[in-house]
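Written below as structure tokens is the structure these notes are about.
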Amino acid sequence: MSAGAATTPLRLGLVGSPNSGKTTLFNALTGLRAKVGNYPGVTVERREGSASFDGRRSVVIDLPGAYSLSPISPDEEVVVRVLDGELIDAPEALAVVADACTLERSLLMLAQILRREIPTCLVLTMTDEFQARGGQIDIPRLERALGIPVLGVVGHRGIGIAKLRQLLAKPEDWSRPHLMPPDEIHARAGWAESILEHVITRRPGTNRKSDAVDRIVLHPVIGPLLFTAVMVTFFQLIFAWAKPAMDFIEAGVAQLGKAVHTQLPAGLFADFLADGLIAGVGSVIIFLPQILLLFTLLYLLEDIGYMARAAFVIDRVMARVGLEGRAFVSLLSSYACAVPGIMATRTIPSPRHRLVTILVAPLMTCSARLPVYALLIGAFVPAIRVAGPLGLQGLVLLGLYLAGSLTALLVASVLTRTLLREDAMPFYMELPPYRMPTARLLAAQVWGSAWAFLRRAGTIILAVSIVLWCLLTFPRQPAPVGASPAEASRHALEHSFAGRAGHAIEPLIKPLGFDWKIGIGLIASLAAREVIVSTLAQIYAASDKNTSLRAAIQNDIDPRTGEKIFDAPTVASMLVFFVFALQCMSTLAIIRRETNSWRWPVFAFSYLLVLAYGASFATHRIVENLLR
Amino acid sequence: MALPTETPKAADANDVGLPLSSLAPGRRATVLCVDASTPEGRRLQELGFLPNTEIHVIRRAPLGDPIAFSLRGAQICLRRSDAARVRVRPTDAGSEA
């Protein structure tokens, strides 16, 4: 063969329904080197990975999960458009991935795919489970009946993968169907039935283990209790377990900043390095413990099969506010970050359910709010025990979570009854058998999400941190004669661009109890909520580099009144503001992308700002009167 | 439910069948037809709710809705209102009131 034959890689598409084991197979074929992006003009995730099959370079395209080529969800539409060659170059060959246990249903879509006359092979996954359930299938006979190559694999154990690689190397040699399958749905079902009749020599029984677990997990009484326990544990773990790692990172960043100041000559460069760059990077990586932990838990529950059960248990509640069970999973993901949460709405087939879920997702307490809550609660709520292991700080945090979540449900209920009424797709959800999660798949999923956070949010946070440092530093002002170093830096800060902007909006936020420093923080946090922490850190580091931020805000005194800036009404009002306001550029960007219009991000931002301002104003007044 | 007039023979009533949503957990049935005049109905067909499909009602969710079914080797759930679009004929010995 000439050297030129190896120039263009083979484009291979993986098609299959959700839960078919497609992602596991994709990872087994490509390793962990997936490139994640978006299809041009649409918002569905595009996953491709390079692989070498018997020395032949290939690009494996992991198409979104689909039940049918008569598209109904955005994901399914993408599959059809990719096969049509509309979005990207159409794949030259297809591997249809089907769970052996649900082959009967998968054949309905396979018929549609075979009609497209692209070289196609069928990969049967979960063949171990199929056998364990007593099923017997005659694969050579299935090959003859379909007219295409068929291969059984156990993706997560790597069984059959070597053979599959050999097969995928030569799609030119794949046999083609002798007869084109029918198109009409009833005829397709007849076709599938007649094939399976001869091929499945013994039908698999029900999954006894899975059924036994379900009898407990979905028990009328135990089910909801377990659901509650899982959700409570879920965010207790995120808060408690991530803390040591976050403290460690925080201390490390502080140490590094200090080292820069002692090692380098005092001046603009040292200030930029320590207070701009290192502090900025620190404010990004401080998230990683929480994000890694949260995505690990989310994907673990998903891979085990509990997420669908949770949606099944909670669907009735979600239906009452006009949403559906899967929206719960998406909203739960929004506890980590609204960006993946909003991305997760792609699994919701109904456009209306999807839009409403997107619009309320920013109300879920995302991990970006946690640094703000942690700072304020840690500094101002006494660490006293209320009952048993329950502390007052934890209760306040729980209250903030509840306030956001309940408001999300309320808003959803209002939206589905007013603005977004029409269209009703059937609620359809698969309850996959429980499966042992594999570390490899889990690691790939968690790493993918963490990387997406670093790339999409981390870069924005870092950039804003540096821009802010500039706004907080320039224009440089000479200190008044005789001022102490602390007074001099405060003076410089107050006259910086950011200081002036903070002063400018002070009249607007005064009714909420916020001063100009919080004002600067709020302006900065429009980029991302947690930026307010690094901004306040910069503001107070600029005033006094030796006290920690917590101590600094506890002791900050209004020079005009001699009273503490962060008094109870202000702290309460600030917490409430952060429950509601959509201060997150990344979320606005993702809403724009998912809805394909500026209308919805603008709508979401506006309604949440009005809500935040109103609630903060009321909170400030109420707490003030209570303390009087 | 009494249909207006013209139900003289039991066979006719059987042809109409029962809504899938009316079956209690544990019941088995085969699909007679799905109303394909709506997008929801056509979607249910694509998902495998087709004539002669065997369905086993597994359970209701703790709050009564949705309902889990087993069909074509998969376990899936539908809301009561969507399950009502599927007309079935019970295949087990149980009787429907």
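Within every chain, numbering begins at 1; the chains are lettered A, B, ... in the order of the sequence lines, protein sequences first and strands thereafter.
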**Message:** Please classify the contact of A:Leu218 with chain B as side chain, backbone, both or neither, using a heavy-atom distance under 4.5 Å.
**Reply:** both
**Item:** Largest heavy-atom contact set with chain B, pairs under 4.5 Å, which of A:Arg188, A:His219, A:Arg203
**Value:** A:Arg188
**Message:** Is A:Arg215 close to chain B through its backbone or its side chain, or both, or neither, when contacts mean heavy atoms under 4.5 Å?
**Reply:** both
**Request:** Identify which part of B:Arg60 has an atom lying under 4.5 Å from any heavy atom of chain A, answering side chain, backbone, both or neither.
**Result:** backbone
**Prompt:** Using a cut-off of under 4.5 Å for heavy-atom pairs, which of A:Cys101, A:Pro204, A:Ala192, A:Ala100 has the most such pairs with chain B?
**Reply:** A:Cys101
**Request:** Assess the side chains of A:Asn207 and A:Glu129: does a donor N or O sit below 3.5 Å from an acceptor N or O?
**Result:** yes
**B:Arg28 atom CZ, neighbour heavy-atom count above 12 within 6.0 Å** = no
**Item:** Winner by heavy-atom pair count (cut-off under 4.5 Å) against chain A, out of B:Ser70, B:Gly73, B:Pro66, B:Ala83
**Value:** B:Pro66
**Prompt:** Looking just at side-chain N and O atoms, do A:Tyr434 and A:Asp214 make a donor-acceptor pair shorter than 3.5 Å?
**Reply:** yes
**Request:** Using atom types as modelled and distance alone, determine if a side-chain donor or acceptor of B:Arg87 lies under 3.5 Å from a backbone N or O of B:Val34.
**Result:** no
**Message:** Between A:Thr228 and A:Pro224 (side chain of the first, backbone of the second, donor and acceptor by atom type, cut-off under 3.5 Å), is there such a pair?
**Reply:** yes
**Prompt:** Hey, are B:Thr53 and B:Arg72 close enough side-chain-wise for a donor-acceptor pair under 3.5 Å?
**Reply:** yes
**Proximal component of B:Leu78, with respect to chain A [non-hydrogen, under 4.5 Å]** = both
**Asked** Is it true that a side-chain atom of A:Glu430 and a backbone atom of A:Pro432 form a donor plus acceptor pair closer than 3.5 Å?
**Response** no
**Item:** Proximity of residues 306-317 of chain A to chain B, residues having a non-hydrogen atom under 4.5 angstrom
**Value:** A:Phe312, A:Val313, A:Asp315, A:Arg316, A:Val317
Check residues 15-23 of chain A and write down every donor-acceptor pair under 3.5 Å in which the side-chain atom is one partner and the other belongs to a residue at least two apart or another chain.
residue : atom : partner : partner atom : Å
A:Ser20 : OG   : A:Ser17 : O            : 2.8
A:Lys22 : NZ   : A:Asp62 : OD1          : 2.7
A:Lys22 : NZ   : A:Leu63 : O            : 2.4

**Request:** Please confirm whether the backbone N or O of B:Leu50 pairs with a side-chain atom of B:Gln45, one donor and one acceptor, at under 3.5 Å?
**Result:** no
**Request:** Tell me, out of B:Ala74, B:Cys77, B:Gly48, who's got the most heavy-atom pairs with chain A below 4.5 Å.
**Result:** B:Cys77
**Request:** Return the orientation label for the A:Phe227 and A:Phe328 ring planes: parallel under 30°, perpendicular over 60°, tilted otherwise.
**Result:** tilted
